2 protein chains.
Amino acid sequence: MKPQAPHCQSCQFKDSSLFKQCHIHELEELNESKCFNSYKKGQVIFHEGNRPLGIFCVYSGKVKVSRMGSDGKEQIIRLAKKGDTLGYRSLIDNTKYTASAIALDETEVCFIPAAEFNKLVDENVKVSTDLMKMLARALGDTQDKLIHLAMKPVRERLAEALLLLKSTYQEEGKTPFSISISREDLSSIVGTAKETVIRFLSEFKEDGIITTHGSEITILNPEKLVKISSMYD
Amino acid sequence: MKPQAPHCQSCQFKDSSLFKQCHIHELEELNESKCFNSYKKGQVIFHEGNRPLGIFCVYSGKVKVSRMGSDGKEQIIRLAKKGDTLGYRSLIDNTKYTASAIALDETEVCFIPAAEFNKLVDENVKVSTDLMKMLARALGDTQDKLIHLAMKPVRERLAEALLLLKSTYQEEGKTPFSISISREDLSSIVGTAKETVIRFLSEFKEDGIITTHGSEITILNPEKLVKISSMYD
DNA sequence: TTCAAAAACTGATAAAACTCATATTTTCCG
DNA sequence: CGGAAAATATGAGTTTTATCAGTTTTTGAA
C-alpha cells in the first residue's frame, strides 16, 4: 500500500533539494547508497545525543526538530517539510545530535550515509557551495528566532508561528490554510506554556482570524496575523 | 602611537584564524587586498541593513554583534574577540546585514573585500571546508542560545553570560577574570532588563561569587556560576 | 456506538520579570 | 579638582506569563 521510494534520478525533489546540482551519475550513486524509511506520527528519526551516521532527506510528511529540557519542556528549533534536508549540521560539525527529529505526520525519509555525503560534498563544489548557503540561511533563521523570542511577547510570537506553519506547509492553492497541530507542539514552537497558547488562540478566534475544530487550526485572515506579529518591528 | 597592522604572513592569527590553511602566496594576496582600521569604543564596524562588501577579521579588542528592536531594546547575538571573523554569514547568504557590529573597546579590524574572499573560498577547498565548519558551529551555538533563552530563568542565563564573557575574553593566566561591561550590554546578552541584571548581580555579590567596582565585574567563583547556570540541565 | 483516554479549554492564583521612580555612585570633561 | 552627566543601584507597583486544578470536548479503539 505504501508507495516505494522512487530512484533519486526521478525523485520529485531532484531539482530543488540540496542535490539539485548533482550530475546524473552522482544521483545514481546516491540512489545506490540511500536507504528509504517510513515513520509514523511521533516516531523518532534521530535522537538528541546520538552520533550522526549520515543525513536525512524528507520525501513526504512533516518533521519537528526539537530539544528537551530536563524538566520535560520541549523547544522546537525547526520545522521540516518534504524536500528538506535534516541532520547535516551535526554531521558537518562532527558532534552528537543536539536535537531530535520527530515525525509530526506519517513521514517518509531517505537516509544518506556519511561516507557518501562527504564524498559528494568533496567532489562537487556546487553541492558544497549550496550546503554552505543552506547553513548560512539556517543560521540567519535561527538568529531571527532568537531575537523574536527575546523581544516579542507571546501573542506576537504565536501569530508568527502560525504564519510559519502556513508558509512551510501550505500546499499550492489550498486556501484557506489548515493544519492539525497539538497545542503542546505549538507552544514548543512559540516557547511558552500550552495554556497560554490556548488563551491567545481563543482571542484570535473571537477576532475571526482563525477557526478550530479539535486540533485543526484554519487561518482565515493571515493579513491580521502579519499585523499582529510585526507590531513592534 | 597606534601599532600598524602586520602583514598577513606574520599576523599572530595566521595559524588560528579562518585563513590558517592558506598558502603563503594566498596570504600575500590577502595582505595586498586587506584594509586595516581602528575603531573606538562604541563605533560601528558594520550596520544592520547595509550590504556586506567583504568580511572582517578582528585583530585586537572586543566586538558585540547585535540587533536593535524598534523599541530601542538591543539583543546581543554574539561576542567576538581578536582572531575572530565577522560578517561572513550575510556575505555567504547574499543578504543585507541583519545585525550590527560595534566595538566594545578600542578595536582593530582588517577588512577583506568580497571579491578576494570569494576567490579564496573558491580556490582553496580547505578554507571553504573550515568556513563550513565555522558556520555549523555558529549555528549550533545560536541554537543553544535559543534553547536557553526559552527554557532558563534570568538568574541562570546571567550566570551563563558571565561564564561566556570569561571563556571568550579571559587572557592566559589572568586570574581572577575581570571585565568592564555595562549592565545595559550585559542585559542585552542575557535578554532581559538592566534592572533585573543588576538585582541578580547584587545577589551574586552577596554570595561572594563576584565583586564589582563600577562597571568592572570580577568573577571570584566561576564554579558556583557553573552550578547556577546548569541548575536545570 | 460507546466509552475511556487524551487533548482542548477555562478559571484562579502565583511567580517571574518589567517598568517607573528615585537615590547613590562613578566617570570623565573642563 | 569640581561638578555635571552617566551609570549603577534599590524599591514599589504592575504586567505578563506560568502553574495548578478542574471541566468539557475530541478522538480512537473495542
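These figures come from a predicted structure and were not determined experimentally.
The distance from atom CD of A/Glu184 to atom P of D/dT27 is 17 Å, rounded to the nearest whole Å. Whole-Å rounding puts the A/Asp71 CG to D/dA18 P distance at 12 Å. Remark: P of D/dG28 and NZ of A/Lys40 are 15 Å apart, rounded to the nearest angstrom. Here the P atom of nucleotide D/dT26 and the CD1 atom of A/Ile181 are 19 Å apart, to the nearest Å. Separating the CZ atom of A/Arg157 from the P atom of D/dT16 is a distance of 14 Å, rounded to the nearest angstrom. Counting to the nearest Å, the C1' atom of D/dA9 and the NE2 atom of B/His213 are 16 Å from each other. Here the P atom of nucleotide D/dA6 and the CG atom of B/Asp185 are 16 Å apart, to the nearest Å.
Annotation: side-chain hydrogen bond (donor to acceptor under 3.5 Å, both in side chains) contacts of B/Gln170 (sequence neighbours excluded): B/Lys166. Under the ring-ring contact (aromatic ring centres under 6.0 Å, His included) criterion, A/Tyr97 pairs with A/Phe46, sequence neighbours left out. Qualifying side-chain hydrogen bond (donor to acceptor under 3.5 Å, both in side chains) partners for A/Ser167, counting only residues two or more places apart in sequence or in other chains: none. For A/Ser16, there are no side-chain hydrogen bond (donor to acceptor under 3.5 Å, both in side chains) partners at least two apart in sequence or on another chain. With sequence neighbours excluded, the residues that form a salt bridge (Lys or Arg N to Asp or Glu O under 4.0 Å) with B/Arg67 are A/Asp144. Legend: residues meeting side-chain hydrogen bond (donor to acceptor under 3.5 Å, both in side chains) with A/Ser66, ordered by chain and number and at least two apart, are A/Glu74. For the ring-ring contact (aromatic ring centres under 6.0 Å, His included) test, residues two or more places apart in sequence or in another chain that qualify with A/Phe111 are A/Phe56.
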Side-chain donor-acceptor contacts of residues 79-92 of chain A below 3.5 Å, not counting sequence neighbours, with atom names and distances?
residue, atom, partner, partner atom, Å
A/Asp84, OD2, A/Lys81, N, 2.9
A/Arg89, NH1, A/Asp93, OD2, 3.3
A/Arg89, NH2, A/Thr98, OG1, 2.7

Please list, one pair per line, the donor and acceptor atoms closer than 3.5 Å that link side chains of residues 203-212 of chain A to other protein atoms, with sequence neighbours excluded.
residue, atom, partner, partner atom, Å
A/Glu203, OE2, A/Arg155, NH1, 2.2
A/Lys205, NZ, A/Thr212, OG1, 3.1

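The shortest non-hydrogen separation linking A/Lys34 to A/Pro6 is NZ-O, 3.2 Å.
Taking every heavy atom of residues 194-202 of chain B and every atom of DNA chain D, pairs under 4.0 Å involve B/Glu195, B/Ile198, B/Arg199, B/Ser202, by number.
Axis angle across the helix from C/dT1-D/dA30 to C/dG30-D/dC1, with five pairs used at each end and values rounded to 10°: 50°.
Considering only side-chain atoms of A/Lys73, the nucleotide from D/dT19, D/dT17, D/dT8 that sits closest is D/dT19.
Distance alone, capped at 3.5 Å, places no donor-acceptor pair between the A/Asn37 side chain and the A/Val109 backbone.
Nucleotides of DNA chain C lying under 4.0 Å from heavy atoms of chain A occupy a range whose first and last members, 5' to 3', are C/dA8 to C/dA12.
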